[in-house]
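A quick write-up on the structure given underneath.
Along the sequence shown, the residues carry numbers beginning at 1. Only heavy atoms go into these numbers, but all of them, side chains included; no hydrogens, no water, no symmetry mates.
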Amino acid sequence: MLKTTFDIGYDHYRFNIPLEISRYNDEHRKLVHDGYMAAETLSVTKKKPNLYEKKLLGIRDRALTKGLEASITVDDLHRCFLESKGMCPIILEPFTFAEDEKTDWSVDRIDNTKGYSSDNIVIVSRLANLAKSNLELSGIIKQSLRSPEKQSLLTSEEWLRMAKFYYPKMKLNRPLSTCLILSEYQPLYDGILIMLLQNHESKNSMPILATLNKYTQKDCIFKAAKLTRKRFYHSTHNPGHVLYRSPKLYACVKSFIETINAHSSEFDPLFMKYLFA
């Protein structure tokens, strides 16, 4: 931390970026100032910072004022940017490098309880970073499964992409009752069951349907899947139309959901993997 604090002052001089010493805590001001004066005394050659150097200095500045670790390097930022392929994985728009644009590239801490370390950062758009804010994984998932409020920064599709993006990177701080959450958004729950039946032989669907098969009558799922394929063949590809225009199929799906909810602890992780893995 001490070296980083000194380097902040040093780099402000080296990159010819004004130093606002008052923004730092009292305990850090002297060392930041010492770094700046050391660079001035040594007549360090000033240069225009590149994209990554400027971003890193801004991150170190913010981290110092918030008391956060900032051990990342320019190489870490360059690596993360290359991994992003120049596009936000949430809003699917190319990054910009202006000031205050929603598509500007932004460095997000995956775990907000930790600082800026090489294994705790990703690059997303400024808009996605603002939307995620301090949400934990459970909050992101809940948001992705409900209809966004009018003032929401992201669309339903973008929230779902955010959940899928962060799911392998973040840990749940507590078990999440996926089935209970889905029960609050019944059309979504119905649609998921229809798609499971439509694609009943896919590797993503089979774990859920195989578990469900343990609690249903023989061939019940097979018959429901056959009926689903038939309805899709004779109807549009809208799951809602397929389901709600067939009382028999709707009764099957309703029965399946009741069974799933009765054994939710067994199905919760299966639905999490199906939706987000």
Worksheet item: Is the side chain of R29 donor-acceptor paired with the backbone N or O of S22 at a distance under 3.5 Å, no angle test?
Response: yes

Worksheet item: Under the 3.5 angstrom rule, does the side chain of N129 hit a backbone N or O of S125 as a donor-acceptor pair?
Response: no

Worksheet item: Checking T259 side chain against S255 main chain: does a donor-acceptor pair fall under 3.5 Å?
Response: yes

Worksheet item: What's the spacing between K132 NZ and Q143 CD if we round to 0.5 Å?
Response: 13.5 Å

Fill in: Rounded distance [0.5 Å steps], CG in D190 versus CG in L249
10.0 Å

Fill in: Side chain to side chain, Y116 and S71, heavy atoms closer than 4.5 Å
no

Item to complete: Evaluate whether atom NZ of K46 has more than 12 neighbouring non-hydrogen atoms of other residues, nucleotides or ligands under 6.0 angstrom away.
Response: yes

Discussion item. Main chain of A98, side chain of T96: is a donor-acceptor contact present, judged purely on distance under 3.5 Å?
Written reply: no

Worksheet item: Which pair of non-hydrogen atoms, one from D119 and one from S117, has the smallest distance, and what is that distance?
Response: OD1-OG, 2.8 Å

Practice prompt. Measure across Y274 and S205 and return the closest heavy-atom pair with its distance rounded to 0.1 Å.
Written response: CE1-OG, 4.2 Å

Worksheet item: Run the side-chain contact (heavy atoms from CB on, under 4.5 Å) check on Y167 and K164 step by step: do they pass?
Response: CA-CA 5 Å; Y167 180 77; K164 289 185 175 183; 5.8 Å; no

Worksheet item: Can you tell me how far CG of N261 sits from OG of S183, rounded to the nearest 0.5 angstrom?
Response: 4.0 Å

Fill in: For K248, side chain to side chain contact (heavy atoms under 4.5 Å, CB included) partners two or more places apart
L227, S246

Fill in: Separation between CG of D7 and CG of L64, rounded to the nearest 0.5 Å
11.5 Å

Item to complete: Go through the steps to decide whether S156 and R146 satisfy the test side-chain contact (heavy atoms from CB on, under 4.5 Å), and finish with yes or no.
Response: CA-CA 8 Å; S156 297; R146 62 166 61 110; over 6 Å; no

Item to complete: May I ask you to test the R229-H200 pair for a side-chain heavy-atom distance under 4.5 Å?
Response: yes

Discussion item. Closer than 3.5 angstrom, by distance alone: can the side chain of D76 be matched with the main-chain N or O of I72 as a donor-acceptor pair?
Written reply: no

Fill in: Worked verdict on D111 versus T113 for side-chain hydrogen bond (donor to acceptor under 3.5 Å, both in side chains)
CA-CA 5 Å; D111 183 344; T113 66; 2.6 Å; yes

Worksheet item: Where do L275 and L145 land on the side-chain contact (heavy atoms from CB on, under 4.5 Å) test, with the steps shown first?
Response: CA-CA 10 Å; L275 292 168; L145 295 178; 4.2 Å; yes

Item to complete: Take F6 and Y36 through the side-chain contact (heavy atoms from CB on, under 4.5 Å) test and state the conclusion after the steps.
Response: CA-CA 8 Å; F6 183 91; Y36 187 93; over 6 Å; no

Fill in: Joint hydrophobic cluster, M87 plus V107, side-chain heavy atoms closer than 4.5 Å
no

Worksheet item: Could you go step by step and tell me if K171 and E136 meet the salt bridge (charged side-chain N to carboxylate O under 4.0 Å, His left out) rule?
Response: CA-CA 8 Å; K171 294 181 180 180; E136 298 174 339; over 6 Å; no

Discussion item. Just checking F222: does its CZ atom have more than 12 heavy atoms from other residues, nucleotides or ligands closer to it than 6.0 angstrom?
Written reply: no

Practice prompt. Scan side-chain atoms only and decide if D75 and T73 contain a donor-acceptor pair under the 3.5 Å cut-off.
Written response: no

Worksheet item: Pick one: which of T178, L182, L212 meets side chain to side chain contact (heavy atoms under 4.5 Å, CB included) with F267?
Response: L212

Practice prompt. Output, in order, the C-alpha distance, side-chain angles, deciding distance and verdict of salt bridge (charged side-chain N to carboxylate O under 4.0 Å, His left out) for E157 and R161.
Written response: CA-CA 6 Å; E157 292 77 12; R161 283 197 290 268; over 6 Å; no

Worksheet item: Can any side-chain N or O of R109 pair as donor or acceptor with the backbone N or O of K114 at less than 3.5 Å?
Response: yes

Worksheet entry | pair I194-V253: side-chain heavy atoms closer than 4.5 Å | yes

Discussion item. Using every non-hydrogen atom in the two residues, find where F256 and A224 come nearest and quote the distance to one decimal.
Written reply: CE1-CB, 3.7 Å

Discussion item. In the structure I gave you, are the side-chain heavy atoms of N204 and N199 within less than 4.5 Å of one another anywhere?
Written reply: no

Worksheet entry | Path from Y250 to L209 over hydrophobic side-chain contacts below 4.5 Å | yes

Worksheet, complete the sentence: Rounded to the nearest 0.5 Å, the CD1 atom of I257 sits from the SG atom of C179 at a distance of 9.5 Å

Practice prompt. Would you indicate whether the side-chain heavy atoms of C80 and V122 approach each other to under 4.5 Å?
Written response: no

Worksheet entry | For K30, salt bridge (charged side-chain N to carboxylate O under 4.0 Å, His left out) partners two or more places apart | D34

Worksheet item: Is M170 linked to W159 within one hydrophobic cluster, defined over Ile, Leu, Val, Met, Phe, Trp and Tyr using a side-chain heavy-atom separation of less than 4.5 Å?
Response: yes

Discussion item. Please enumerate all residues that pass side chain to side chain contact (heavy atoms under 4.5 Å, CB included) together with A39, with sequence neighbours excluded.
Written reply: Y10, Y13, V44

Worksheet item: What is the ring orientation for Y52 with W105, classed by angle as parallel under 30°, tilted 30 to 60°, or perpendicular over 60°?
Response: perpendicular

Fill in: Ring-face cation of K169 near F165 (centre distance under 6.0 Å, axis angle within 45°)
yes

Worksheet item: Which residues satisfy the side chain to side chain contact (heavy atoms under 4.5 Å, CB included) test with K223, sequence neighbours excluded?
Response: D219

Worksheet item: Taking all atoms of both residues into account, what is the closest heavy-atom pair of K203 and P207, and its distance?
Response: O-CD, 3.1 Å

Worksheet entry | Hydrophobic cluster membership, Y166 vs L92, 4.5 Å side-chain cutoff | no

Discussion item. Run the side chain to side chain contact (heavy atoms under 4.5 Å, CB included) test against E53 and tell me which residues pass, sequence neighbours left out.
Written reply: F15, K47, P49, N50, V74

Item to complete: Return the minimal non-hydrogen interatomic distance between T103 and P94, and the atom names on each side.
Response: CB-O, 3.7 Å

Worksheet item: Do L51 and K55 come within less than 4.5 Å of each other through their side chains, counting heavy atoms only?
Response: no

Discussion item. If you compare all heavy atoms of I8 against all heavy atoms of L57, which two are closest, and at what distance to 0.1 Å?
Written reply: O-CD1, 4.1 Å

Worksheet item: Which of parallel (below 30°), tilted (30 to 60°) and perpendicular (above 60°) describes Y215 and H263?
Response: parallel

Fill in: From L160 atom CG to L154 atom CG, the distance as rounded to the nearest 0.5 Å
11.5 Å

Worksheet item: Would you say the side chain of M272 lies within less than 4.5 Å of the side chain of I141, judging by non-hydrogen atoms?
Response: yes

Fill in: Check: K102 and E93 side chains under 4.5 Å, non-hydrogen atoms
yes

Item to complete: Could you note down all residue pairs passing salt bridge (charged side-chain N to carboxylate O under 4.0 Å, His left out) where residues 8-20 supplies at least one of them, sequence neighbours left out?
Response: D11-R14, D11-R60

Discussion item. Taking L180 as the starting point, is it possible to reach L172 by hopping between hydrophobic residues whose side chains are less than 4.5 Å apart?
Written reply: no

Practice prompt. Return the orientation label for the Y24 and H12 ring planes: parallel under 30°, perpendicular over 60°, tilted otherwise.
Written response: perpendicular

